[in-house]
Engineer: 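I have a structure I would like to understand better, so I am pasting it below and will then ask my questions one at a time.
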There are 2 protein chains.
Amino acid sequence: MTPAAQDRRGAYAKGVAKREEILQTALEVIAREGYRGASVKEIAEAVGLSQAGVLHYFDSKEELFTEVLRRRDNLDRADFMPGEGWPGGFEGMRESFVEVIRHNGDVPGLVQLFSRLAVDAADATHPAHAYFIERGRELREGLSTVIAEQQRAGTITDRIDAETLARVLQAVADGLQLQWALERDVDMAATMDALFAALLTEGGPARDA
Amino acid sequence: MTPAAQDRRGAYAKGVAKREEILQTALEVIAREGYRGASVKEIAEAVGLSQAGVLHYFDSKEELFTEVLRRRDNLDRADFMPGEGWPGGFEGMRESFVEVIRHNGDVPGLVQLFSRLAVDAADATHPAHAYFIERGRELREGLSTVIAEQQRAGTITDRIDAETLARVLQAVADGLQLQWALERDVDMAATMDALFAALLTEGGPARDA
DNA sequence: GTCTATATGTTGATAGAC
DNA sequence: GTCTATCAACATATAGAC
């Protein structure tokens, strides 16, 4: 009985496991050595393979790293954003969003990888190009839906478009990662939370404690 | 008579001019080919030198690119932020800040270079590391001074610390560049201006028209 | 002093043996 | 599926011409 072809390659049990092991090890190497030190050779040695052995599972280094990010990003979003949108209205979104950012502070390798790929993916030929566009649109759509809802309810300021504010929130999250990568004493979660607090209306029904 | 040693190398007229020419050409190549296609060889050919000829003026490719950014960044800041801080209080700062961002929309190569170096400079050994730290601190200091001033005057919201808000504004500027590099239809200046508008107090003395 | 030409070591990518 | 061998592109260093 052939296993389900869940991917072009590595559909067999051993291949899948090895592929997973490579992705996990790559992330650890990035966290330890930084993105620059994370060559395919370095990752291959850490996982106990030759350079060509690793590239058997992935078309290129860029594709490998794109896959590392995609997996972890999907896992995070599943953990912190169950279902289609955010539960609990504005406060639910605020808490989830801040929690994801707080969690990022525990995985420097992933943050560095995200920032680096976010830059490289501007090139239309980069394997992560479509992924970043799609991811951004989904994120902003989810955010602006909740924002527009709360603006109608009067809980948060309506002095800015919901779509524009959603774009701003995404920019803050990404920009804070750059600052944090440069100087680790930046408190990304607290900064984001303070911005959320400032966006609440003074006399809104769901006034913050 | 020996010319003033304004730099370790290139203190002679011809050397200074060549150095300047390389920096200018490098920027043009980046704008045309993108950061990835901008090898030293490519730049060398564009400027009419050999690869080693270019590297005579700069210790490394990273140092060359760092220098390109530093020069242009300094020029921009001189153009849009005369003197020590921003003139014209909050509205002056708002206009200058938005104007710089609008101007960035005209130099995609520089934006790409900035984003790329901002990521790479997280590594403490990168030649731009200290520069980015210093630049961020100066920017946030200038911003938070004006913000605190206007908060006391009651023109903008005091529901967030001046220092925190300054950090947020920097993050928005950097984050918007990532979004814009990915999808050029993003209006960075308009988005930033909308955020500034949302930060104004409803009944403040310097109410927006 | 400034440049050309050349050599070295590293990287990512690919072909083919087992 | 994993390996060895090989390739081209790259950054870097240096020898020597002018």
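Everything quoted here is computed from the prediction, not taken from an experiment. Order of the sequence lines fixes the chain letters, A, B, ..., with proteins taken first and strands second; residue numbering starts at 1 for each chain.
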Engineer: Atom CZ of A:Phe58 to atom C1' of D:dG1: distance rounded to whole Å?
Structural biologist: 14 Å
Engineer: Grab the CZ-P distance between A:Phe65 and C:dT11 for me, whole Å please.
Structural biologist: 12 Å
Engineer: Rounded to whole Å, how long is the line connecting atom CD of A:Glu45 with atom C1' of C:dT10?
Structural biologist: 13 Å
Engineer: Looking at A:Phe65, I'd like to know if the NZ or CZ of A:Arg116 sits under 6.0 Å from its six-membered ring centre while staying within 45 degrees of the ring's axis.
Structural biologist: no
Engineer: Would you please test B:Arg167 and B:Glu163 for salt bridge (charged side-chain N to carboxylate O under 4.0 Å, His left out) and show each step?
Structural biologist: CA-CA 6 Å; B:Arg167 193 177 281 289; B:Glu163 286 77 18; over 6 Å; no
Engineer: In whole Å, what is the span from the CG atom of A:Leu64 to the C1' atom of C:dA13?
Structural biologist: 14 Å
Engineer: Whole angstroms only, please: what is the CG-C1' distance between B:Leu55 and C:dG1?
Structural biologist: 17 Å
Engineer: Please state how far atom CZ in A:Arg36 lies from atom C1' in C:dG12, giving the value in whole angstrom units.
Structural biologist: 17 Å
Engineer: Determine which pairs satisfy salt bridge (charged side-chain N to carboxylate O under 4.0 Å, His left out) with at least one residue from residues 44-56 of chain A, sequence neighbours left out, and list them in order.
Structural biologist: A:Lys41-A:Glu45
Engineer: With sequence neighbours excluded, tell me which residues meet salt bridge (charged side-chain N to carboxylate O under 4.0 Å, His left out) with B:Glu42.
Structural biologist: none
Engineer: Among D:dA11, D:dT12, C:dG12, which nucleotide sits nearest the side chain of A:Ser39?
Structural biologist: C:dG12
Engineer: Among pairs that include at least one residue of residues 121-134 of chain B, which meet salt bridge (charged side-chain N to carboxylate O under 4.0 Å, His left out), considering only residues two or more places apart or in two chains?
Structural biologist: A:Arg36-B:Asp123
Engineer: Among all residues two or more places apart in sequence or in another chain, which pass the side-chain hydrogen bond (donor to acceptor under 3.5 Å, both in side chains) test with B:Arg137?
Structural biologist: A:Glu183
Engineer: Output the rounded distance in Å from CD (B:Glu63) to P (D:dT12).
Structural biologist: 10 Å
Engineer: Given the rule in the side chain to side chain donor-acceptor pair (under 3.5 Å) test, do A:Tyr35 and B:Asp120 qualify, once you have shown the distances and angles that lead to the verdict?
Structural biologist: CA-CA 8 Å; A:Tyr35 186 96; B:Asp120 289 355; over 6 Å; no
Engineer: Polar-atom pairs under 3.5 Å, protein N or O versus N or O of nucleotides 2-5 of chain D: list them with distances, or write none.
Structural biologist:
{"unit_1": "D:dT2", "atom_1": "OP2", "unit_2": "A:Tyr57", "atom_2": "OH", "d": "2.1"}
{"unit_1": "D:dC3", "atom_1": "OP2", "unit_2": "A:Ser50", "atom_2": "N", "d": "2.9"}
{"unit_1": "D:dC3", "atom_1": "OP2", "unit_2": "A:Ser50", "atom_2": "OG", "d": "3.2"}

Engineer: Can we call the ring centroids of B:Phe114 and B:Phe132 under 6.0 Å apart?
Structural biologist: yes
Engineer: Look at the aromatic rings of B:Phe90 and B:Phe196 and report parallel, tilted or perpendicular, splitting at 30° and 60°.
Structural biologist: perpendicular
Engineer: Please enumerate all protein N or O atoms sitting under 3.5 Å from an N or O of nucleotides 16-18 of chain D, with distances to 0.1 Å.
Structural biologist:
none

Engineer: For B:Lys41 and C:dT4, what is the distance between atoms NZ and C1' respectively, to the nearest whole Å?
Structural biologist: 15 Å
